[in-house]
**Q** 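Below: one structure in structure tokens.
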Protein chains: 2
Amino acid sequence: MKNIRKQPTIKDVAREAGVSLKTVSRVINNSSKVKPETREKVLKAIKTLGYRPNAVARGLRIKKTYSIGVIIADITNNFYSNIVRGIEDVALSRNYSMLLANSDEMLSKEKLYTRVFTEKQIEGMIIVPSAGSKEYLKPLLKNVPIVFIDRDVEELEVSSVTVDNERGAYELTKHLIVDHGYTKIAYISHTMGVTTSDKRYEGFKRALYEFGITPIAELIKLDNKTAQDGYRATKEIISSGNRPQAIFTSNNVMALGAMKALEYYSLEAPRDIALVTFDDIKWAEGFRPHLTVMSQPAYEIGRHAANILFKQMDGESKLEKVVLPTQLIIRDSCGCTMIKKNN
Amino acid sequence: MKNIRKQPTIKDVAREAGVSLKTVSRVINNSSKVKPETREKVLKAIKTLGYRPNAVARGLRIKKTYSIGVIIADITNNFYSNIVRGIEDVALSRNYSMLLANSDEMLSKEKLYTRVFTEKQIEGMIIVPSAGSKEYLKPLLKNVPIVFIDRDVEELEVSSVTVDNERGAYELTKHLIVDHGYTKIAYISHTMGVTTSDKRYEGFKRALYEFGITPIAELIKLDNKTAQDGYRATKEIISSGNRPQAIFTSNNVMALGAMKALEYYSLEAPRDIALVTFDDIKWAEGFRPHLTVMSQPAYEIGRHAANILFKQMDGESKLEKVVLPTQLIIRDSCGCTMIKKNN
DNA sequence: ATGAAAGCGCTAACAC
DNA sequence: GTGTTAGCGCTTTCAT
């Protein structure tokens, strides 16, 4: 912060224009009436001085910072970057800025950032909750509106925007079983302990049980953190003596890992094995294989969450748990197109 | 901001602990000596009251907000999200938070956000400059350190972190010409008027001229904004009477569009046509085709930019224009693997 | 080792 | 219409 020239303040403007502080303040916020010629004088003084209002001082005074905090797992995950985009578009329309942080699924980082953001007096927060107790949030909740996205924390009275993960996974699994007749299905999940992962696994099992299929422990790989983990898990599955007919990955990161593993064994979906995943991977549209997915409306999740947050900041409404629909997008990797060809 | 219980202040803590304001302040910042038992008293008061320091008030006083501003084109573009990740990781290590904004390549949004961020007293900014005059930045530059990333603004004395776009595009084009013997090469660029786009186009042309190849106007589609634009441009190229042997897309967004267009015509790269692009698309690793690319170190760009920014914020160094290396990654889509197979 | 008072830049009462 | 005063929550002289 060296050789930073002192910025002119409202006081300098007042002196330059020969008016009082309050008059300048009035002009800046164009509140109440100011005589046009006075206003002109002030505007001119602002211009010649290059005055810019100090939002920190203003924020301290009016107790409004026009900032919200957003904590997601990892912005390089396209699903989250689309959510963030939805949030920012809403925030912009309200003249709010967004402080962004990545938690990397670590509760410690999540806690750190909620603390920092709160100290910075953000007016609301949108959080993708990591696994682990949310006890630490309780004192905060009285003071700052929070909305959870992607995952819910059921024991907490906090608004959330999610999708029906159990049902989505159930439907996707059912497609594999009913429309393709697969019975030997591998499952690769992301981090357990968060609702997305837990519920999807439940949905998967429900479909299996419903059709009398017993899960094969060897083909179930839970709690993977990175694409690399998904890659390894898939390799184990493929190289086991018990190769499945289909693989279900619980999110886009695992799907990426699984795809690489198939590549490794020169396996093609759906020719050699079927692959479906929760989460769409939109950018892969032009690439092969075309994945059959249970898609989530990422951008809309962000928009909804932001809208709910602003409503709460406005003092309206209290608790709102929104569950957005997922969509089964049948493309090639499940084997549907092969069936068609064979007919 | 309704039913927000008034947060306890340092004053309340002082009263509760029976000490002065300054003593509390000292404990919080653990500056100078405080008698252990006094410190204990204060700590206890902080705990019982649930006191959290107000960073806005602190920021106003010490003129330090521990925040930086980041303006990129679009966070849903994986290239930018990786850059942002690099920035945040450095910022976190310095205890700084990041205000993030998307400019959507619109100068108006860029201007708006630089103004807002400056008013919020961020201590530095990292910007992906949109096309258009950067005159508006001149007054700011004296007051706040700025680092440009991805693209440079040559007429401005501002630090930047970029790659050698001209050379990268030249090398990639040369690969097409020399190693594959292609002479009929289409070019699809993203938004013109920014150095990435302009320089890559120059590099492309230089390679052509060097080998005595005349660019074919019909196959050059400049200034596309979205993947959809790239999709359309590629369709025009394919459906022209003059189908090229290879397509060069100037960034990952255009590559995505081009891939979809190839799909549309059931064309496969490299079997039917070669395709190469500037920017790697890492997540496509498991998908086909495997794109031959000129890769940029996105995360490193972010890290470097943040490090330079912090150096400037510390008052060290002045101007620093860093040019990071790109890397030619030869995979399948250029036709190299086909050549191997044929041998 | 601790306290009193001033002030960061702004806005909200309340005058005039 | 406009100015004066006080104060947001904190840190920083300067005393003690």
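Remember, predicted model here, so these are calculated numbers, not experimental data. Chain naming here is simple, since letters A, B, ... match the order of the sequence lines and numbering starts at 1 in each.
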**Q** Looking at CD of Q121(A) and CD of Q7(B), how far apart are the two atoms once the value is rounded to the nearest 0.5 Å?
**A**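 One gets 7.0 Å once the value is rounded to the nearest 0.5 Å.
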**Q** Can you check nucleotides 4-7 of chain D for protein contacts, nitrogen or oxygen pairs under 3.5 Å, and list what you find?
**A**
unit_1 : atom_1 : unit_2 : atom_2 : d
dG7(D) : N2     : R61(A) : NE     : 3.4
dG7(D) : N2     : R61(A) : NH1    : 2.9
dG7(D) : N3     : R61(A) : NH1    : 3.4

**Q** If you fit an axis to the five pairs at each end of the helix from dA1(C)-dT16(D) to dC16(C)-dG1(D), how big is the angle between those two axes, to 10 degrees?
**A**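 About 40°, once rounded to a multiple of 10°.
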**Q** Assess the side chains of S67(B) and K120(A): does a donor N or O sit below 3.5 Å from an acceptor N or O?
**A**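 Yes, K120(A) and S67(B) have a side-chain donor paired with an acceptor closer than 3.5 Å.
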**Q** Just to be sure I understand the geometry, which residues of residues 50-59 of chain B put a non-hydrogen atom under 4.0 Å away from DNA chain D?
**A**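 Heavy-atom contacts with DNA chain D come from Y51(B), P53(B), N54(B), A57(B), R58(B).
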**Q** Salt bridge check, D12(B) against R15(B): does any charged N sit closer than 4.0 Å to a carboxylate O?
**A**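 Looking at R15(B) and D12(B), the cut-off is met.
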**Q** Once you round to the nearest 0.5 Å, how far does CG of D74(B) lie from OG of S81(A)?
**A**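 It is 8.0 Å, given to the nearest 0.5 Å.
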**Q** State, without any angle test, whether E123(B) and Y96(B) hold a side-chain donor-acceptor pair at a distance under 3.5 Å.
**A**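 Yes, side-chain donor-acceptor contact under 3.5 Å.
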**Q** Between dT11(C) and S25(A), is there an OP1 or OP2 to side-chain N/O distance shorter than 4.0 Å?
**A**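 Indeed, a polar side-chain atom of S25(A) lies that close.
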**Q** Thinking salt bridges, do E110(A) and K134(A) make one under a 4.0 Å N-O criterion?
**A**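 Judged by the 4.0 Å cut-off on N to carboxylate O distance, E110(A) and K134(A) do form a salt bridge.
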**Q** Looking only at heavy atoms, which two atoms of M125(B) and I71(B) are closest? And how far apart?
**A**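 Between these two residues, the closest heavy atoms are SD-CD1, 4.3 Å.
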**Q** Pick the closest DNA chain C nucleotide for P36(B) and for V24(A) by heavy atoms, then say which residue is nearer the 5' end.
**A**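 Its nearest nucleotide lies further toward 5', so the answer is P36(B).
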**Q** Ion pair present between R58(B) and E119(A), side-chain N to carboxylate O less than 4.0 angstrom?
**A**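 E119(A) and R58(B): not salt-bridged.
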